[in-house]
Amino acid sequence: MAIDVLYFAWVREGVGTGQERVDPPAGTDTVAALIDWLATRSPGHAQALADRARLRAAVDQVFVGADASILGAREVAIFPPVTGG
Amino acid sequence: MAIDVLYFAWVREGVGTGQERVDPPAGTDTVAALIDWLATRSPGHAQALADRARLRAAVDQVFVGADASILGAREVAIFPPVTGG
Amino acid sequence: MIRVLVNAEPIDIATEMAAIETGGAGAVATFSGLVRADDGVGMLELEHYPGATEAALVTLAETAVARWSLLAATIVHRVGVMRPGERIVFVGVSAPHRAAALEACAFLIDRLKTDAPFWKRETRGSDARWVEPRGSDDAAAARWQA
Amino acid sequence: MIRVLVNAEPIDIATEMAAIETGGAGAVATFSGLVRADDGVGMLELEHYPGATEAALVTLAETAVARWSLLAATIVHRVGVMRPGERIVFVGVSAPHRAAALEACAFLIDRLKTDAPFWKRETRGSDARWVEPRGSDDAAAARWQA
């Protein structure tokens with residue numbers, strides 16, 4: 001099932017794109033599992049996603065923890081802690 | 001010794017003037033004593049200065065308590081609690 | 001940079017903001033007090049103690065600049081006759097970081113209410129009365145005692 | 001009245017102040033964050049998460065309006081490239097009384113820093129780096145937990 005994955009800030013720069021449509025294997029049920037799988041896609045992915053403690057995520061634009069489900073999700077965003085204002 | 005006395009807000013309205021030069025008798029040494037003496041000057045003074053708990057004062061533009069000295073003062077102001085902002 | 005202004009002119013926000021946003025500020029906090037339009041007041045008059053009022057505001061601004069290392073502090077207070085919706089007072093400060101700016105701004109307006117000689121008279125219809133001080137103002141000012 | 005705006009245009013204070021000073025407000029508090037001119041940053045870039053950022057800011061504004069019974073809450077955040085002295089963010093609220101306005105304004109900027117998806121990249125000379133989050137921001141946001 002295809003998911004749009006969005007990347008922001010240095011995660012986007014490391015991965016090399018701000019958005020990609022992916023189709024992770026069955027059993028990729030959580031944000032953490034998705035990140036594990038995404039990290040295998042390229043050296044850029046691997047490096048950008050290496051430090052899990054510095055990553056945050058949103059599923060369908062709702063901010064969630066790493067153990068959140070992505071079942072049925074259309075859009076998952078992965079990014080560093082926010083620094084606005 | 002002449003002192004300029006300033007009145008503000010409803011004290012000014014009650015007394016009937018915003019400023020007067022007065023020459024209180026010897027022994028009028030404190031703000032409280034000055035107010036006691038001023039209250040004898042007219043019915044308007046008496047009424048405006050009747051409720052001492054609602055009066056505040058400044059001697060030469062420094063905010064003071066009722067027992068502050070007025071010896072050597074050039075200007076004493078008498079007014080209600082402030083309500084700016 | 002301290003700017004204190006007490007006069008009868010309307011307060012111009014754009015001018016005041018430009019004056020505050022100077023030299024390196026990362027954070028600007030402001031407070032504006034307006035004549036409320038919702039409680040029946042048709043006219044508000046502000047009286048002050050010329051000389052002493054300005055001196056009290058300068059002292060207040062200097063205290064805030066020293067306590068929070070501000071880059072700028074502005075206090076503008078209007079006097080005379082005002083109508084609902086018009087600005088009575090504007091307080092603005094700038095600092096390198098936001099916590100200092102936010103705290104100093106709250107300090108200035110809280111303390112201005114109790115420390116600066118202004119008196120307010122409200123007119124509702126044909127009834128004019130001097131505003132009574134509020135105990136909550138004394139409490140708000142007291143929390144800034146160092 | 002809630003107003004949320006995220007775009008690349010400079011923030012116009014006069015327009016934003018006029019929008020906030022509406023209908024009966026007695027108190028208006030604002031906070032502006034500027035690109036600091038004093039720490040060597042020549043350029044600041046702000047990135048956001050279109051859609052999610054705006055939604056987060058609307059939620060934040062709604063929370064403040066409900067909690068402090070605000071008359072108006074505005075959050076304007078610039079994105080893209082900015083230079084020292086330019087405004088990054090403007091937060092403004094109006095309320096009948098000052099305590100509500102001051103608290104709500106501090107709440108909005110504190111929580112915006114931790115809850116809204118923005119990312120900042122600073123360029124100093126030829127060195128560009130993403131800004132690291134500050135623990136003090138988390139602490140500032142946490143104090144608003146009801």
Side-chain angles (χ1 to χ4, degrees), chain A residues 2-22 30-32 34-35 38-39 43-66 68-85, chain D residues 4 6 11 31-36 41 44-60 75-80 82 87-91 105-122 128-138 140-141:
Chain A
I3 299 177
D4 286 320
V5 181
L6 308 186
Y7 305 106
F8 295 102
W10 51 257
V11 180
R12 170 179 56 73
E13 291 182 328
V15 169
T17 182
Q19 180 161 6
E20 59 185 346
R21 178 158 293 182
V22 299
T30 64
V31 168
L34 176 65
I35 292 175
L38 289 167
H45 284 78
Q47 188 199 9
L49 303 173
D51 188 351
R52 305 295 156 87
R54 296 177 71 212
L55 299 179
R56 301 290 180 271
V59 173
D60 290 331
Q61 305 202 352
V62 176
F63 297 82
V64 297
S69 171
I70 61 165
L71 293 177
R74 297 171 58 184
E75 178 178 301
V76 175
I78 302 168
F79 45 80
V82 305
T83 55
Chain D
V4 164
V6 179
I11 298 172
F31 177 85
S32 304
L34 286 73
V35 185
R36 287 174 59 184
V41 172
L44 189 72
E45 287 172 85
L46 257 295
E47 182 171 333
H48 77 303
Y49 181 172
T53 302
E54 290 82 349
L57 297 181
V58 168
T59 297
L60 211 50
I75 306 174
V76 184
H77 205 299
R78 198 169 167 195
V79 291
M82 280 153 262
R87 292 181 196 105
I88 306 166
V89 61
F90 172 86
V91 166
C105 181
F107 165 87
L108 284 176
I109 188 63
D110 281 351
R111 289 284 297 270
L112 182 153
K113 294 248 177 195
T114 57
D115 289 14
F118 290 102
W119 300 274
K120 227 177 236 170
R121 183 164 57 180
E122 295 175 343
R129 64 181 58 189
W130 293 95
V131 173
E132 290 292 318
R134 302 190 308 166
S136 61
D137 287 337
D138 289 331

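Sequence lines set the chain letters: A, B, ... in the order given, protein chains first and strands last, and positions in each chain run from 1.
Take A/R52 and apply the side chain to side chain donor-acceptor pair (under 3.5 Å) test, not counting sequence neighbours, and it matches A/D36. Under the rule for a ring pair (Phe, Tyr, Trp, His ring centres under 6.0 Å), the partners of D/F118 that lie at least two apart in sequence or sit in another chain are D/H77.
Interface residue D/A116: only backbone heavy atoms are found under 4.5 Å from chain A.
Residues of residues 75-85 of chain A that come closer than 4.5 Å to chain D, counting heavy atoms only, are A/E75, A/A77, A/F79, A/P80, A/P81, A/V82, A/T83, A/G84, A/G85, ordered by residue number. Proximity to chain D at a heavy-atom threshold of 4.5 Å picks out A/L6, A/Y7, A/F8, A/A9, A/W10, A/R12, A/E13 from residues 4-17 of chain A, in numerical order.
In A/Q47, the CD atom is not crowded: 12 or fewer heavy atoms of neighbouring residues, nucleotides or ligands sit closer than 6.0 Å.
Of the residues considered (D/R121, D/R134, D/K113, D/E45), D/K113 shows the highest number of contacts with chain A, using heavy-atom pairs under 4.5 Å.
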